[in-house]
Amino acid sequence: MWYREYSLEEINSLFAINMTGFLEIKAVSITPDALVAEMPVNEKVKQPFGLLHGGASCVLAESVGSIASNMVIDAEEWAGVGLEINANHLRPVTKGVVRATCKAYHIGKTTHVWDIQIHNERNQLVCISRLTIAVIKKPKI
């Protein structure tokens with residue numbers, strides 16, 4: 001499915017910057033049909049009651065989905081950018097690490113739709129998200 005072969009180091013160099021770097025999101029696996037990333041549940045990602053913040057789950061989902069979209073296109077010419085995200089938060093998380101598994105529902109010329117499932121360390125589903133990506137001509141900088 002991927003446009004070319006990618007290494008975890010290459011993907012993690014993208015995750016290491018900006019918001020994903022601040023939240024310590026890291027890719028842990030690239031399979032033929034999925035990109036998997038983890039995020040520690042620490043004070044950076046909790047809401048005031050000590051639970052994983054729903055917005056942090058959305059950051060994880062959108063980040064892994066956006067990277068995945070850019071892995072299936074010619075990133076020299078095109079860019080995958082977030083168009084819409086939704087998330088259902090199913091179970092609270094207070095500690096540990098959450099793991100997001102991102103798989104494609106649809107890979108089209110101008111849109112991609114991704115299924116991102118987030119599980120806790122006990123492999124319990126904590127969040128399901130659907131992300132739609134717009135594929136646009138890369139802006140000339």
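All residue numbers in this chain count up from 1 along the given sequence.
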In the single-linkage hydrophobic clustering (I, L, V, M, F, W, Y; side-chain heavy atoms under 4.5 Å), do I118 and V36 co-cluster?
-> no

For W2 and I30 the tightest heavy-atom approach is NE1-CG2, 3.6 Å

Output all residues satisfying side chain to side chain contact (heavy atoms under 4.5 Å, CB included) with S7, sequence neighbours left out; order by chain, then residue number.
-> E9, E10

Not counting sequence neighbours, which residues clear salt bridge (charged side-chain N to carboxylate O under 4.0 Å, His left out) with E43? List them please.
-> K46

For residues G96 and E121, report the shortest heavy-atom separation together with the two atoms involved.
-> CA-OE1, 3.5 Å

In chain order, what residues pass the side-chain hydrogen bond (donor to acceptor under 3.5 Å, both in side chains) check against E5, with sequence neighbours excluded?
-> none

Going hydrophobic residue to hydrophobic residue with side-chain gaps under 4.5 angstrom, can you get from V81 over to L131?
-> no

Without placing hydrogens or testing angles, list every side-chain donor-acceptor pair under 3.5 Å for residues 100-109, not counting sequence neighbours.
residue : atom : partner : partner atom : Å
Y105    : OH   : D115    : OD1          : 3.4
H106    : NE2  : G108    : N            : 3.4

Show me the side-chain donor-acceptor pairs of residues 62-70 shorter than 3.5 Å, one per line, residues at least two apart or across chains.
residue : atom : partner : partner atom : Å
S63     : OG   : V59     : O            : 2.6
S66     : OG   : E62     : O            : 2.8
S69     : OG   : H112    : ND1          : 2.7
S69     : OG   : W114    : NE1          : 2.7
N70     : OD1  : G80     : N            : 3.0
N70     : ND2  : S66     : O            : 2.8
N70     : ND2  : G80     : O            : 3.1

For residues 123-134, the side-chain hydrogen bond (donor to acceptor under 3.5 Å, both in side chains) pairs (sequence neighbours left out) are N120-Q124

Could I get the full list of side chain to side chain contact (heavy atoms under 4.5 Å, CB included) partners for S13, not counting sequence neighbours?
-> none

Enclosure of R122 CZ (heavy-atom neighbours >12, cutoff 6.0 Å) | no

Nearest heavy-atom pair of M1 and A34: which atoms, and what distance?
-> CE-N, 4.4 Å

Under 3.5 Å, side chain of N12 to main-chain N/O of K26, donor-acceptor pair present?
-> no

ILVMFWY clustering at 4.5 Å (side-chain atoms), partners of L90 | L125, I128

Report the residues that fulfil side-chain hydrogen bond (donor to acceptor under 3.5 Å, both in side chains) with S29, sequence neighbours left out, ordered by chain and then residue number.
-> none

Between side-chain atoms of residues 47-55 and protein atoms elsewhere (two or more places apart, or another chain), which donor-acceptor pairs fall under 3.5 Å?
residue : atom : partner : partner atom : Å
Q47     : OE1  : F49     : N            : 2.5
Q47     : OE1  : G50     : N            : 3.4
H53     : ND1  : G55     : N            : 2.7

Do the side chains of W78 and I136 get nearer than 4.5 Å, heavy atoms only?
-> no

Out of curiosity, does I85 fall in the hydrophobic cluster containing V98 (side-chain heavy atoms, cut-off under 4.5 Å, transitive links)?
-> yes

Atom pairs and distances, donor-acceptor, side-chain atoms in residues 14-25, under 3.5 Å, two or more places apart:
residue : atom : partner : partner atom : Å
T20     : OG1  : F15     : O            : 2.8
T20     : OG1  : I17     : O            : 3.0
E24     : OE2  : N42     : ND2          : 3.4
E24     : OE2  : K44     : NZ           : 3.0

E77: side chain to side chain contact (heavy atoms under 4.5 Å, CB included) partners, not counting sequence neighbours | D74, K137

Would a hydrophobic clustering, with Ile, Leu, Val, Met, Phe, Trp and Tyr connected at side-chain separations under 4.5 Å, put V72 with L83?
-> no

L8 with L35, same ILVMFWY side-chain cluster at under 4.5 Å | yes

